[in-house]
Amino acid sequence: MTLIDALPVIGAFLLAGFVKGLAGFGLPTVTLGLLVLVRPLPDAMALMLVPALATNLWQGFVGPALVPALRRLWPFLLAAGLGALAGTGILARSDAVMLSGLLGLLLVASAALSLSGWPVPQPGPERERWVSPLVGLASGLVTGMTGSFLMPAAPYLVALRLPPQQFIQGFGLGVIVATGALAIGLAGGGLLPPEIGLASLAGVVPAFLGMALGQRLRRGMPEARFRKVVQAALGLLGLYLALRAFT
């Protein structure tokens, strides 16, 4: 990868890390949404792997809610991993431009759901037993095909009304499982060449730098307002990707 090729990649990781540090979410989705403007979707997904795993390891494993999150969400997490492996197989046989359009539609749906303020209904203990694996499988499939774990995982975990720390660690664990399975699937399908893997490793530094800047700024900015700005920007970016793919 030349310096000209590397600059937009570094910039994408820096901005995505900044968003995650400020808003607490979104590094894979923001990274993918930006990288697919200049790279094919499989390349963008491969580039996203290492920074996404590195930034979510801390979020998922460090904290007092690890055991409760695993105890409650293990069917969701297991299904997400299996779904991501299956989704990567679909990616290898599909049109990457159309899948980037699917990613765009998911970004639009996520932004619309978040900005509407519509509360996702709570499934209840009985339904949760069978709904969790289904949502985990769907989230994993979407991750395998597009690289984004945001939909429908995030709205569902919100609907479970988890305690804040359990939600944060549970979502981080989901990203780790789905992204790890995605990496295995990409490598097995020949979609993870060594040079892309090295470039992904190089993205860790700007991602953590962006996170540090975002966390520092978060102390003086209303978080709810920034979340709305981020969701609106993701929605516009998703609309552009969808229009580019389907028109």
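Only heavy atoms go into these numbers, but all of them, side chains included; no hydrogens, no water, no symmetry mates.
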Visitor: How long is the straight-line distance from CG of Leu47 back to CG of Leu201, given to the nearest 0.5 Å?
Guide: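 CG of Leu47 is found 11.5 Å from CG of Leu201.
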Visitor: Which pair of heavy atoms, one from Ala69 and one from Leu173, lies closest together, and at what distance?
Guide: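 Closest approach of Ala69 to Leu173, heavy atoms only: CB-CD1, 4.3 Å.
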Visitor: Kindly state each residue pair satisfying side chain to side chain donor-acceptor pair (under 3.5 Å) with at least one member in residues 161-185, sequence neighbours excluded.
Guide: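 Every pair satisfying side chain to side chain donor-acceptor pair (under 3.5 Å) with a residue in residues 161-185: Gln165-Gln169.
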Visitor: Quick one: name the residues clustered hydrophobically with Leu105, using the 4.5 Å side-chain heavy-atom rule over I, L, V, M, F, W, Y, and just say none if it's on its own.
Guide: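 Joined to Leu105, directly or through intermediates: Met98, Phe246.
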Visitor: Run Val158 and Val120 through side chain to side chain contact (heavy atoms under 4.5 Å, CB included) and show every step you take.
Guide: CA-CA 7 Å; Val158 169; Val120 181; 5.7 Å; no
Visitor: Could you pull out the closest heavy-atom pair between Gln122 and Leu160, with the gap in Å?
Guide: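 Scanning both residues completely, I find the closest heavy atoms to be NE2-O, 3.8 Å.
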Visitor: Looking at CD of Glu128 and CZ of Phe76, how far apart are the two atoms once the value is rounded to the nearest 0.5 Å?
Guide: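 Here the interatomic distance stands at 11.0 Å.
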Visitor: Working to the nearest 0.5 angstrom, can you tell me the gap between Leu73 CG and Leu78 CG?
Guide: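 Here the interatomic distance stands at 12.5 Å.
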Visitor: Val30 versus Phe18: any side-chain heavy-atom pair under 4.5 Å?
Guide: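 When only atoms from C-beta onward are counted, Phe18 and Val30 do not touch, as no gap falls below 4.5 Å.
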Visitor: Can you run down the ring-ring contact (aromatic ring centres under 6.0 Å, His included) pairs that involve residues 130-152, sequence neighbours left out, and say none if there aren't any?
Guide: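 Residue pairs with at least one partner in residues 130-152: Phe149-Phe171.
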Visitor: With distance as the sole test, does Ser116 use its side chain to make a donor-acceptor pair with the main-chain N or O of Leu113 at under 3.5 Å?
Guide: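 Checking the backbone N and O of Leu113 against the side chain of Ser116, a donor-acceptor pair under 3.5 Å is found.
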Visitor: Looking only at heavy atoms, which two atoms of Leu150 and Ser110 are closest? And how far apart?
Guide: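 Closest heavy-atom pair between Leu150 and Ser110: CD2-OG, 3.2 Å.
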Visitor: Calculate, to the nearest 0.5 Å, the distance between atoms CG and CG belonging to Leu239 and Leu234 respectively.
Guide: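 With rounding to 0.5 Å, CG (Leu239) is 12.5 Å from CG (Leu234).
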Visitor: Do Ile176 and Val135 land in one hydrophobic cluster if side-chain heavy atoms of ILVMFWY residues count as linked below 4.5 Å?
Guide: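 As far as the 4.5 Å side-chain criterion goes, Val135 and Ile176 are connected within one cluster.
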Visitor: Taking the side chain from Thr31 and the backbone from Ala16, do they hold a donor-acceptor pair closer than 3.5 Å?
Guide: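 Not at all, since once roles are kept as given, no pair shorter than 3.5 Å links the two residues.
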Visitor: Does Val175 belong to the same Ile/Leu/Val/Met/Phe/Trp/Tyr cluster as Phe167, with side-chain heavy atoms less than 4.5 Å apart forming each link?
Guide: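 Same hydrophobic cluster.
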Visitor: May I ask whether Leu141 and Leu186 are part of the same hydrophobic cluster, defined by side-chain heavy atoms of I, L, V, M, F, W, Y residues being less than 4.5 angstrom apart, directly or through others?
Guide: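 Cluster IDs for Leu141 and Leu186 match.
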Visitor: Over all heavy atoms of both residues, which pair between Val204 and Pro51 is shortest? Give the atoms and the distance, please.
Guide: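 That would be N-CG, 3.9 Å.
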Visitor: Going from CG on Leu15 to NZ on Lys20, what distance comes out if it is rounded to the nearest 0.5 angstrom?
Guide: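 Spacing of CG (Leu15) from NZ (Lys20) equals 14.0 Å.
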Visitor: Is the shortest heavy-atom distance from the side chain of Leu49 to the side chain of Leu182 under 4.5 Å?
Guide: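 The answer is yes; the side chains approach within 4.5 Å.
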Visitor: Hydrophobic clustering (ILVMFWY, side-chain heavy atoms < 4.5 Å, transitive) - are Leu162 and Leu134 grouped together?
Guide: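 Yes, Leu134 and Leu162 fall within the same hydrophobic cluster.
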Visitor: Do Leu66 and Leu53 belong to the same hydrophobic cluster, where Ile, Leu, Val, Met, Phe, Trp and Tyr are linked whenever their side-chain heavy atoms lie under 4.5 Å apart, directly or via other members?
Guide: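 Per the 4.5 Å side-chain linkage, Leu66 and Leu53 are co-clustered.
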Visitor: Report yes if some heavy atom in the side chain of Leu77 is under 4.5 Å from a heavy atom in the side chain of Leu70; otherwise report no.
Guide: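 Yes, at least one pair of side-chain atoms sits under 4.5 Å.
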Visitor: State, to 0.1 Å, how close Val36 and Ala44 come at their nearest heavy-atom pair, and which atoms those are.
Guide: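 Shortest heavy-atom separation between Val36 and Ala44 comes out as CG1-CB, 3.9 Å.
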Visitor: For Val205 and Phe13: C-alpha separation, side-chain torsions, deciding distance, then whether side chain to side chain contact (heavy atoms under 4.5 Å, CB included) applies.
Guide: CA-CA 9 Å; Val205 173; Phe13 283 124; over 6 Å; no
Visitor: Run the salt bridge (Lys or Arg N to Asp or Glu O under 4.0 Å) test against Arg129 and tell me which residues pass, sequence neighbours left out.
Guide: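 Listed in chain order: Glu126.
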Visitor: Any side chain to side chain donor-acceptor pair (under 3.5 Å) pairs touching residues 74-100, not counting sequence neighbours?
Guide: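 For residues 74-100, and leaving out neighbouring residues, there are no side chain to side chain donor-acceptor pair (under 3.5 Å) pairs at all.
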Visitor: With side chains defined as the heavy atoms from C-beta onward, is the minimum distance between Leu198 and Glu195 less than 4.5 Å?
Guide: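 Counting from C-beta outward, Leu198 and Glu195 never come under 4.5 Å.
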Visitor: Would you find more than 12 non-hydrogen atoms of other residues, nucleotides or ligands less than 6.0 Å from Arg244 atom CZ?
Guide: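 It does: Arg244 CZ has more than 12 such atoms within range.
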Visitor: Is Ile196 close to Arg39 at the side-chain level, that is, under 4.5 Å between some pair of heavy atoms?
Guide: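 Yes, at least one pair of side-chain atoms sits under 4.5 Å.
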Visitor: Determine which pairs satisfy side chain to side chain donor-acceptor pair (under 3.5 Å) with at least one residue from residues 141-157, sequence neighbours left out, and list them in order.
Guide: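 Applying side chain to side chain donor-acceptor pair (under 3.5 Å) to every pair that reaches into residues 141-157, excluding sequence neighbours, yields Thr29-Ser148, Ser132-Tyr156.
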Visitor: Could you state the interatomic distance from CE (Met48) to CG (Leu34), rounded to the nearest 0.5 Å?
Guide: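 One gets 13.0 Å once the value is rounded to the nearest 0.5 Å.
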Visitor: For residues Ala207 and Leu27, report the shortest heavy-atom separation together with the two atoms involved.
Guide: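 Taking every non-hydrogen atom into account, CB-CD1, 4.0 Å.
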